[in-house]
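Written below as structure tokens is the structure these notes are about.
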Number of protein chains: 2
Amino acid sequence: MRFETSTIKDIAKALGLSTSTVSRALRDRYEISEETKKLVLAYAEKVNYRANPIARSLKERRSYSIGIIVSEIANNFFSQVINGIESIAYDKDYHVIISQSHESYKQEKLNVEHLASRSIDGLLIALSSETQDIDYLRDLYAKGLPIVFFDRVPKDFETHKVIANNFKGSFDATEHLILSGKRTIAHLTNSENLSITKERLEGYKAALIKYHIEFRPELVKYCQHGGMHSAELEQAVKELLPLQPDGIFISSDRLTTGCIMALKKTNPEVAHKIAIAGFTNSNLVELFSPSLTSVKQPAFEMGQVATELLISMIEAKRPVTEFETKVLDTELVKKR
Amino acid sequence: MRFETSTIKDIAKALGLSTSTVSRALRDRYEISEETKKLVLAYAEKVNYRANPIARSLKERRSYSIGIIVSEIANNFFSQVINGIESIAYDKDYHVIISQSHESYKQEKLNVEHLASRSIDGLLIALSSETQDIDYLRDLYAKGLPIVFFDRVPKDFETHKVIANNFKGSFDATEHLILSGKRTIAHLTNSENLSITKERLEGYKAALIKYHIEFRPELVKYCQHGGMHSAELEQAVKELLPLQPDGIFISSDRLTTGCIMALKKTNPEVAHKIAIAGFTNSNLVELFSPSLTSVKQPAFEMGQVATELLISMIEAKRPVTEFETKVLDTELVKKR
DNA sequence: TACGTTTTTGGGAACGTTTGCACAGTTTTT
DNA sequence: AAAAACTGTGCAAACGTTCCCAAAAACGTA
């Protein structure tokens, strides 16, 4: 803001002290006498002094803010993660800056670099579905920027990661479809680049194996853009239907809702005949028709855990070398 | 970030120039010879120089960032508005910082003040449902912080505002219910504090009047927390049902979905018998059961317009004194 | 050659903090 | 009584920019 507000200098002048004394008093340093502290604090209160975070950032070379990159905030899963992140960050006096990649690699890179130049102290990121090359993240990391990945994590990058138990979530959902009598279960999923895609595919396969159902690759459809384009989804559905699946297991929030939408739009007559199980954190699932079985991720908790890990890295005295990958359990909410 | 990156000083030293020259060359000022400019630019490129926005902010006393306050990002309407805001902001080289009030006055005030202290150049805000006292905003505004309100706007605050045509949206929705034969139409709405609540109530009333239907105050239920607490909603529904409405007109995104949820939960047998029309920007409306008629706000556009107005205020040479209130039309999407 | 212009560059202060170091005054130790 | 230690404060530099002002270089003209 370009309007006047009181500064340490002003306080110093008014009280006949030096800026250093005022600064130290405000930060409650031991060197300053109780008397002076009280004086300064009282006056600061009176003139409604607010420290200038910009100046502080410049001097300290850190900003007490952490960057978040998600593909989009208009996604139940991610907005819940963000709420989890905020809940911890604010507690520990960090501010958060949210950016959306819209599933675009270019946008993701641009945003990350912008955040980095704004002196964020750390980064929480779920990769875009397009992202394959994460060298730009490696560079930043090497230069000292703490990074914690969540949900969509890279394989060969040594740092903290927080993910859902995707294998088990998928296994459970697929098993549930099988147990309700389905035998031709399609799998609609995200870009092959993503970690979640691989893990969820494995869970799906494992459930098929357990019940001696043949895995048919043609029943698996990948969506490069994670369902951002409805044409992509409709195409996938169109290719799937001739194979006459009696169940579909879908591996992401956006794909799940998008797929039902596409089904209803293109083939309303079969929409209700196909059993659907899918990952989604929508809290409106109960309203959906056809209804579905959903795999819910502990989104809020994921945000919290990731943030705690990140802040521990930021505040670590010495470089962190032991990394953990936290795996959180999903919840299967069966169709009514 | 606390790691080394090249600065203007480094470039100056390397090239045997002064920092002033380098700074000017980088900003392409007329005083600098083409030759020097090329030299500097090439070297800057080579060492991957990035200007430090923090330093720039401190010096220029502005941050090229704008603050956004919404009640929550996990809301279709608001996340679409944010996308609209971003689309314009990025174009004009502004960064955005999003904060959530969670419909709490205290949180809203805290967030705004935090943003202000971070030197945002302007503020875009939709008031929380609890907010009645906006003096803190007046203070900031008086000190020179440009503010543009959208969606939920205060009455007596002279600045730009962007709203939907709430009156017409409500009128249309209510009329639609009437035309499909409903006569006992309840109205479920937000906190009375909000501008949108008043405007939408007027539209509802006007439609009743047009068709000579008596307005019955007991059919109107207010939710103080805008549906953030499901108990509140269930209570409202519980009080409404004995009056045997054959239609309900609901005045906000969260309330609309929440109400259907509450209806299904508490009275599944009547849920499908009551016709519902409500404001919502959910793109999943087609999946809902019972299905409903929805009033869609031009959220993305609202974000764009508000941002353009804000940036025009920020960049105005002299204080702006002529303010506009832009009203954007809603769209009625009839139940299938 | 000397001068005035114009063009290009550099010096240095400022933005609001934090912090290492020095220093004065007081208290403790020997 | 002198030396040592501790307390509380101030000076000044630094963070990376921008920009006012002055100075130097280049050019033109008499």
Side-chain angles (χ1 to χ4, degrees), chain A residues 1-41 43-44 47-65 93 116-121 144, chain B residues 1-41 43-44 47-65 93 116-121 144:
Chain A
M1 275 176 310
R2 33 205 178 317
F3 44 89
E4 86 306 327
T5 112
S6 45
T7 73
I8 281 192
K9 258 186 209 163
D10 299 335
I11 299 183
K13 200 175 296 173
L15 262 36
L17 294 170
S18 72
T19 58
S20 14
T21 304
V22 174
S23 171
R24 279 187 272 246
L26 289 169
R27 333 196 85 226
D28 200 23
R29 291 304 180 84
Y30 71 96
E31 309 114 311
I32 305 297
S33 69
E34 282 309 316
E35 226 176 341
T36 314
K37 275 184 193 169
K38 253 179 220 140
L39 189 70
V40 171
L41 253 25
Y43 188 80
V47 298
N48 191 29
Y49 168 78
R50 320 254 85 170
N52 181 329
I54 302 270
R56 183 148 184 247
S57 287
L58 182 60
K59 180 66 200 177
E60 295 191 2
R61 320 183 83 179
R62 57 174 303 192
S63 61
Y64 297 92
S65 66
D93 281 328
S117 81
R118 292 203 67 91
S119 301
I120 51 167
D121 296 342
Chain B
M1 272 175 311
R2 34 203 179 317
F3 44 88
E4 87 304 327
T5 114
S6 46
T7 73
I8 281 193
K9 259 185 208 163
D10 299 336
I11 299 183
K13 199 173 297 172
L15 261 36
L17 293 170
S18 73
T19 59
S20 6
T21 305
V22 174
S23 172
R24 278 185 276 245
L26 289 169
R27 334 194 85 228
D28 200 24
R29 292 302 182 83
Y30 71 97
E31 310 113 310
I32 305 298
S33 69
E34 282 309 317
E35 225 175 343
T36 315
K37 274 184 193 169
K38 254 179 220 142
L39 190 69
V40 170
L41 256 24
Y43 188 81
V47 299
N48 191 29
Y49 167 79
R50 321 253 83 171
N52 180 328
I54 302 271
R56 186 151 183 245
S57 287
L58 181 61
K59 179 68 201 177
E60 295 192 357
R61 321 182 82 179
R62 56 175 302 193
S63 62
Y64 297 93
S65 66
D93 280 328
S117 82
R118 292 204 64 92
S119 301
I120 50 166
D121 296 342

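Numbered from 1 within each chain, the chains take letters A, B, ... in sequence-line order.
Whole-Å rounding puts the A:K13 NZ to D:dT9 P distance at 20 Å. With rounding to whole Å, A:R61 atom CZ is found 14 Å from C:dT19 atom C1'. Atom CD of B:E35 and atom P of C:dT7 are 16 Å apart (whole Å). The CG-P distance, from A:N52 to D:dG16, rounds to 17 Å in whole Å. When the C1' atom of C:dT9 is taken as reference, atom OH of B:Y30 falls 13 Å away, rounded to whole Å. If you measure from atom CG of B:L17 to atom C1' of D:dA24, you get 14 Å, rounded to the nearest angstrom. What separates CD1 of A:I32 from P of C:dT18 is a distance of 13 Å, to the nearest Å. To the nearest angstrom, C1' of D:dT18 lies 16 Å from CG of B:D28.
Residue-to-nucleotide proximity on DNA chain C shows that, of B:S20 and B:L58, the 5′-proximal contact is made by B:S20. Take the nearest nucleotide of DNA chain C for A:K9 and for B:V22: the residue whose nucleotide is more 5' is B:V22. Position along DNA chain D of the nearest nucleotide to B:E31 versus B:A55 favours B:A55 as the more 5'-ward residue.
Atom OG1 of B:T5 sits about 8.0 Å away from atom CG of B:D10, to the nearest 0.5 Å. Going from atom NZ of B:K37 over to atom OG1 of B:T21 covers 12.0 Å, rounded to the nearest 0.5 Å.
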In sequence, state the C-alpha distance, the side-chain angles, and the governing distance for B:V40 and B:L15, and then conclude on side chain to side chain contact (heavy atoms under 4.5 Å, CB included).
-> CA-CA 8 Å; B:V40 170; B:L15 261 36; 4.1 Å; yes
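No hydrogens or angles were tested; on distance alone, a donor-acceptor pair under 3.5 Å links the side chain of A:R24 to the base of C:dG20. For D:dT17, its base never sits under 3.5 Å from the side chain of B:K59 at any donor and acceptor pair.
As judged by a 4.0 angstrom heavy-atom cut-off over every strand, B:R27 is placed among residues touching the sugar-phosphate backbone only. Heavy atoms of B:S57 sit nowhere under 4.0 angstrom from any nucleic acid atom. No engagement by B:I54 is indicated, since no non-hydrogen atom pair under 4.0 Å with the nucleic acid exists. Here A:S23 lies in heavy-atom contact (under 4.0 Å) with a base. Residue contacts for B:T7: at a heavy-atom cut-off of 4.0 Å it reaches the sugar-phosphate backbone alone, with no base atom in range.
Considering only side-chain N and O atoms, B:R56 lies nowhere under 4.0 angstrom from the phosphate OP1 or OP2 of D:dG16. In this model, the phosphate group of D:dC19 is approached by a side-chain N or O of B:R29 to a distance below 4.0 Å at OP1 or OP2. Within the structure, every side-chain polar atom (N or O) of A:T19 is placed at least 4.0 Å from both OP1 and OP2 of C:dT17. Residue B:T21 has a polar side-chain atom (N or O) positioned under 4.0 Å from OP1 or OP2 of C:dG10. For the OP1/OP2 pair of C:dT9 and a distance below 4.0 Å, the side-chain nitrogens and oxygens of B:S33 include at least one atom meeting the criterion.
Contact of the B:V22 side chain with the B:Y43 side chain is not registered, since no non-hydrogen atoms from C-beta on lie closer than 4.5 Å.
The main-chain N or O of A:S119 is found under 3.5 Å from a side-chain atom of A:S63 such that the two form a donor-acceptor pair.
Across B:S18 and B:A12, no two heavy atoms sit closer than the pair C-CB, 3.8 Å.
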